[in-house]
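Notes follow the structure.
Convention: sequence-line order gives letters A, B, ...; per-chain numbering from 1.
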Amino acid sequence: MSKKDNLEFEKAYIPKDYEQKIYQKWESSGAFNPDNLNLSKNAEKYSIVMPPPNVTGTLHMGHAGMLAYQDILIRFHRMNGFRTLWLPGTDHAAIATQTKVEKIIKDEGLSRHSLGREKFLARVDQFAQNSHDTIENQIKKIGSSCDWSREAFTLDTTRNKAVNLVFKLMYEDGLIYRGERVVNWCPRCHSTLADDEVEYKEETGKLYWLKYGPFVLATARPETKLGDTAVAVHPGDKRYKKMVGKEYEIQGVLGKFTVKVIADRSVDPEFGSGAVKVTPAHSFIDSEMALRHDIPTKKIINEDGKMMENCGKYAGMTTIEAREAIVEDMQKMGLIDHIEENYEHKLSLCYRCDTVIEPLPSLQWFINVNKKTDSLDGKSIKEISTEAIKGGVFGKEKINIVPERFEKNYLNWMNDLRDWCISRQIWYGHRVPVWYKGEEIFVGESAPDDGDWVRDEDTLDTWFSSGMWTFSTLAENPDQMKIVDGKLKINSTDFKNFHPTNVLETGYDIIFFWVARMIIMTTYAIGDIPFKDVYLHGLILDEHGKKMSKSKGNVIDPLDMIVKFGTDATRLSLIIGSTPGKDIRLSEEKIESLRNMVNKLWNISRYIIQTIQVDDASIDKSSLTIPDKAILEATRSLIAEVSSDLKAYRFSKATELLRDFSWNELADWYLEATKFDNSTEKKKILTLVLKDLLKLWHPFIPFVTETIWEKFNSSLLLIEKWPSTSKYDNILGDFDDSEFYLFNKTKGIISAIRNIRAEYNVSPGKKIEVVIYAGEQTEFIRSQEMLIKSLRTGVEKLTIKECGNKIHNSVYISQNGIEIYIPLGSLIDTEKERIRLEKELIDTKKYLVSIEGKLKNKSFIENAPKEVITRERKKVESAKEKIQKTENFIKQLS
RNA sequence: GGGUUUGUAGCUCAGUUGGUUAGAGCGCCACGUUGACAUCGUGGAGGUCUCCAGUUCAAAUCUGGACAGACCCACCA
């Protein structure tokens with residue numbers, strides 16, 4: 001190590017001085033790409049396909065957390081010699097991105113229709129490209145060690161090929177069909193939405209009680225009266241029994257119309273008057289009832305959310321305008337019984353633009369989730385996707401969800417799943433690969449040559465393509481994909497090596513949107529599972545437990561935090577204190593405190609590398625001191641625990657152990673001990689421990705550890721071998737286990753002396769005398785003399801004897817059978833000491849009583865395990881001894 | 001309405017299969033420039049583990065209930 005290097009070791013770690021350079025070094029090394037690592041052919045495979053961020057803007061804390069978790073797993077496995085692939089990418093996020101661009105061009109006075117499909121799409125592509133570049137840069141800032149050479153986009157040509165092939169496959173299998181059904185329609189997006197793309201919001205409105213022929217019935221939407229074709233009651237409702245099956249003439253605002261009375265179980269007799277008007281065109285439940293009872297459908301609301309031409313003078317009004325107008329007219333006509341104010345109900349909203357959803361009948365493409373098919377061994381999509389979680393499919397083990405409780409969630413959702421509407425009337429996305437010529441339909445990538453085929457105008461639900469993400473990304477080009485025997489075959493090395501992926505790491509909020517869709521698409525198209533494990537992280541909330549949102553102004557931007565406190569601290573703040581599936585609260589203070597942690601590690605390393613220097617020679621067992629053995633044992637157990645924690649996704653536990661080890665065991669005790677204990681082995685031990693510690697920390701805080709590694713090693717920490725416990729087993733194997741914990745006794749004595757000094761306000765510079773009577777432990781305590789005198793105790797004269805007389809004018813401590821006297825002379829306040837000792841005596845006596853009580857209990861002796869009883873007996877002995885010694889001392893105090 | 005989940009120090013959270021005189025970080029108080037670190041050190045105060053009942057020799061930990069909060073699904077027209 002040169003002098004120059006030492007000087008470069010700044011007093012504090014300044015992340016921004018290093019992070020960019022370090023990332024470039026990693027990236028240019030090529031080590032993110034497993035093909036470059038000279039791994040043996042038999043190396044175990046490990047793969048994660050990154051959940052692709054939407055190209056709608058920038059990354060937030062949730063993304064940072066997701067990237068941190070995945071990067072930890074990836075770095076851990078890479079260091080463990082796995083052929084490790086982390087494949088990055090972005091999602092075109094059809095509706096979301098289109099909506100965003102529509103807002104932007106609106107400010108320019110443009111609309112997508114005024115621009116036309118081609119020009120509009122060019123604008124969206126441009127926006128998506130910019131977004132992509134920003135996002136890629138941000139993913140790098142977070143330190144993600146993903147393989148950029150394999151980057152994918154859900155809307156690129158390779159992924160488009162997969163979409164077209166799978167669409168065709170499902171169509172030919174009869175699983176994709178076109179049909180006219182009531183769908184969730186967003187009048188603003190001008191498109192359908194899937195059931196789970198609809199959100200609900202509480203609203204206080206009015207409930208209108210209408211005079212409705214022979215009925216009085218309640219509705220929140222009187223304007224839909226124009227589309228009514230029936231009245232429904234519960235089959236068991238005696239009030240209406242005689243009316244079921246009959247037809248009645250109803251007075252409406254546009255004249256009289258006829259409805260049929262039907263009996264249906266879905267009607268709640270407790271609600272309103274127990275009779276409900278049925279509008280099959282504009283309500284899911286009503287449309288289902290209409291199908292069951294063969295009731296006609298009358299559509300009265302169009303795709304703009306406005307009343308249609310069949311609505312007479314109300315035509316062209318929005319539903320809200322029509323409601324007001326119709327209510328006014330009905331009141332005039334005496335058709336309103338009364339109006340109930342403050343009626344609580346829920347509005348359905350579009351999850352992308354918050355517009356009120358209008359259910360209406362529309363001709364759309366659907367995936368049939370209940371149809372049994374030969375290509376799924378005679379099972380339906382719903383059945384196979386359920387079994388994949390329950391017991392496993394295709395001879396594979398079941399997919400594990402962490403935490404397990406979400407499996408139930410998934411299964412419930414799958415059980416209730418209705419046919420999935422996959423067509424969207426937006427422009428940005430994968431175009432439905434269907435062509436029409438008169439009555440003829442052709443499904444395929446391009447139209448047949450004969451004649452005028454017209455392509456379907458619609459695009460596909462964005463989740464249709466992201467549902468294929470785990471396998472479509474493993475194809476390098478479109479030509480590697482083919483349909484063979486009713487399955488999609490991907491002929492690529494990556495697919496062979498890395499599918500199924502090991503773990504899908506994502507937030508629990510998209511388990512239905514995405515996790516379920518991937519299982520559906522992969523089991524169907526590939527005949528395999530997409531991943532073995534699913535690890536679900538929680539949402540990141542602000543310090544008060546509220547969701548972060550721009551409108552609340554409580555957003556913590558990861559990039560701001562990276563600038564302020566560094567990437568490593570930001571990453572740690574998202575890991576520490578988190579448990580799977582549970583939300584985590586984040587505050588700037590938390591990130592700051594972890595910045596301190598990172599800096600502490602920096603300074604530990606600074607001290608070792610700069611002051612102690614490093615020495616890689618092998619350690620001589622015969623000269624190990626008590627603190628040496630303690631730190632070696634602590635390191636051994638740290639390696640074992642961090643490794644097993646990472647295998648079991650216990651991220652937080654691992655970081656807590658690392659923090660406690662670094663700050664307490666190493667910095668506060670061992671490092672301090674080495675300053676005064678000139679063991680010849682300390683350099684070697686510190687070198688060994690520091691190197692392994694940096695390796696263990698590396699997946700969590702890659703930048704600072706790599707930066708430190710550079711100071712004494714030319715290789716990349718990124719691809720260092722993960723530490724093993726065997727080196728420590730070799731060194732420690734010969735020692736008695738109890739030796740590892742002897743250092744705790746020394747620590748206890750030192751802390752006790754410091755405590756008394758502080759309590760008596762002994763000024764820091766003042767030297768004191770200490771007398772210890774250690775009985776059987778005298779020899780051991782003598783070996784610790786140097787440490788007891790040196791570690792900030794200010795002990796000048798230390799006397800260690802087996803036993804001796806009580807010492808007057810001194811503070812007395814009894815600990816682990818050792819008597820400690822600190823003669824403070826005039827500083828002693830006899831009364832204060834008496835109070836302190838008597839309080840301690842009372843506490844110890846209470847403690848003794850409780851344990852003796854246990855031991856006197858016959859059933860305790862009979863039932864408790866032997867080792868518990870022995871432990872309790874030992875407690876009694878030591879408590880008694882302490883009481884006796886303390887009592888004796890109090891007597892002499894006066 | 002159905003389901004999930006949480007309630008431990010002022011705050012954020014640990015606490016493996018029941019046996020600890022219940023822990024950490026932040027914050028707070030006192031003292032402090034001792035060969036890395038004031039982004040630091042040393043010491044301290046602070047908890048009837050939400051409440052009630054039960055199981056057990058033994059409950060923060062298991063069971064039931066109450067109270068309070070968070071979330072998800074369904075949805076009433």
| said: Would you measure the distance from the C1' atom in B:C28 across to the matching atom in B:U12 and give it in whole Å? | reply: 16 Å

| field | Euclidean distance for P, B:U17 against B:U6 (whole angstrom) | value | 14 Å

| Between A:His345 and B:A77, is there a side-chain N or O to OP1/OP2 distance below 4.0 Å? | yes

| request: May I ask you to evaluate whether A:Arg792 reaches the phosphate of B:U34, defined as a side-chain N or O under 4.0 Å from OP1 or OP2? | output: no

| request: Dot-bracket for RNA chain B, please, read 5' to 3', with Watson-Crick or G-U wobble pairs under 3.5 Å on both distances, ( ) within the strand, [ ] crossing, | other strand, . unpaired. | output: (((((((..((((.....[...)))).(((((.......))))).....(((((..]....))))))))))))....

| message | Using a heavy-atom cut-off of 4.0 Å across all strands, would you classify A:Lys11 as base, sugar-phosphate, or nothing? | response | sugar-phosphate

| query | When you measure from the side chain of A:Lys582, which nucleotide among B:A14, B:U39, B:C76 comes out closest? | reply | B:A14

| remark: Among the nucleotides B:A36, B:C40, B:A24, whichever has the atom closest to the side chain of A:Asn596 is B:C40

| said: By the 4.0 Å heavy-atom rule, please label A:Leu539 as base, sugar-phosphate, or nothing. | reply: nothing

| When the C1' atoms of B:C49 and B:G2 are considered, how many whole Å apart are they? | 31 Å

| task | Give A:Thr219 one of three labels, base, sugar-phosphate or nothing, depending on what nucleic acid heavy atoms sit under 4.0 Å from its own. | result | sugar-phosphate

| request: Give a yes/no on whether any side-chain N or O of A:Lys600 is located under 4.0 angstrom from OP1 or OP2 of B:G41. | output: yes

| message | At 4.0 Å (heavy atoms only), tell me whether A:Glu672 reaches a base, stays on the sugar-phosphate, or touches nothing. | response | base

| task | Answer with base, sugar-phosphate or nothing: what part of the nucleic acid does A:Asp583 contact at a heavy-atom distance below 4.0 Å? | result | nothing

| query | Looking only at side-chain N and O atoms, does A:Lys675 come under 4.0 Å of OP1 or OP2 in B:G41? | reply | no

| said: Using the side-chain heavy atoms of A:Phe512, tell me which of these nucleotides is nearest: B:C72, B:U39, B:A36. | reply: B:C72

| query | Which listed nucleotide (B:G3, B:U39, B:A30) is nearest to the side chain of A:Lys408? | reply | B:G3

| What is the nucleic acid contact for A:Arg757, judged by heavy atoms within less than 4.0 Å: base, sugar-phosphate only, or nothing? | nothing

| task | Output yes when a side-chain donor or acceptor of A:Asn603 lies under 3.5 Å from a complementary backbone atom of A:Asn599, and no otherwise. | result | yes

| message | Starting the side chain at C-beta, find the nucleotide from B:C76, B:G43, B:U20 nearest to A:Lys854. | response | B:U20

| task | Identify which nucleotide among B:G41, B:A77, B:U39 has an atom closest to any side-chain atom of A:Asn599, counting heavy atoms from C-beta outward. | result | B:U39

| message | Does B:A36 have OP1 or OP2 under 4.0 Å away from a side-chain N or O of A:Ser605? | response | no

| note | The nucleotide from B:C31, B:A77, B:C75 with an atom nearest the side chain of A:Pro764 is B:C31

| When rounded to the nearest Å, what value does the distance between P atoms of B:U42 and B:U4 take? | 47 Å

| Lys NZ or Arg CZ of A:Lys691 over A:Phe712 ring: under 6.0 Å, within 45° | no

| Rounded distance in Å between the C1' positions of B:A22 and B:U48 | 13 Å

| query | So what does A:Arg595 touch, heavy atoms closer than 4.0 Å: a base, only the sugar-phosphate, or nothing? | reply | base

| query | P atom, B:C62 versus B:A77: distance in rounded Å? | reply | 41 Å

| Is there a side-chain polar atom (N or O) of A:Thr579 under 4.0 Å from OP1 or OP2 of B:A14? | yes

| query | Looking only at side-chain N and O atoms, does A:Asn755 come under 4.0 Å of OP1 or OP2 in B:G44? | reply | yes

| task | For B:C26, take OP1 and OP2 only and decide whether either is under 4.0 Å from a side-chain N or O of A:Lys590. | result | no

| request: Determine the contact category for A:Lys875: base if any of its heavy atoms lies under 4.0 Å from a base atom, sugar-phosphate if only primed atoms, P, OP1 or OP2 are that close, otherwise nothing. | output: sugar-phosphate

| query | Can you tell me how far P in B:U33 sits from the matching atom in B:G25, rounded to whole Å? | reply | 24 Å

| field | A:Trp663 side-chain N/O to B:G41 phosphate OP1/OP2 under 4.0 Å | value | yes

| Out of B:G19, B:A36, B:U12, which nucleotide sits closest to the side chain of A:Pro865? | B:G19

| request: Assign A:Ala667 to base, sugar-phosphate, or nothing according to its heavy-atom contacts below 4.0 angstrom with the strands shown. | output: base

| message | Using a heavy-atom cut-off of 4.0 Å across all strands, would you classify A:Ala864 as base, sugar-phosphate, or nothing? | response | base

| message | Between A:Tyr200 and B:C75, is there a contact of a side-chain N or O with OP1 or OP2 at under 4.0 Å? | response | yes

| request: Taking atom types as modelled, find out whether A:Glu197 and A:Tyr351 have a side-chain donor-acceptor pair closer than 3.5 angstrom. | output: yes

| query | Would A:Tyr847 pass as stacked on B:U21, i.e. its ring centre under 5.5 Å from the base's six-membered ring centre and planes under 30° apart? | reply | yes

| Which one, B:U20, B:C72, B:U39, comes nearest to the side chain of A:Ala12? | B:U39

| query | NA contact type, A:Ser587, heavy-atom cut-off 4.0 Å: base, sugar-phosphate, or nothing? | reply | nothing

| Honestly, is A:Arg418 close enough over A:Phe284, meaning NZ or CZ under 6.0 Å from the six-membered ring centre and within 45° of the axis? | yes

| field | Set of residues satisfying side chain to side chain contact (heavy atoms under 4.5 Å, CB included) with respect to A:Val402, sequence neighbours excluded | value | A:Tyr535, A:Pro580, A:Tyr649

| said: Taking only the C1' atom of each, what is the distance from B:C71 to B:C51 in whole angstrom? | reply: 24 Å

| query | A:Tyr18 vs A:Trp602 aromatic rings, parallel, tilted or perpendicular, using cut-offs 30° and 60°? | reply | tilted

| task | Would you indicate which nucleotide in B:U5, B:G43, B:G19 comes nearest to any side-chain atom of A:Arg754? | result | B:G43

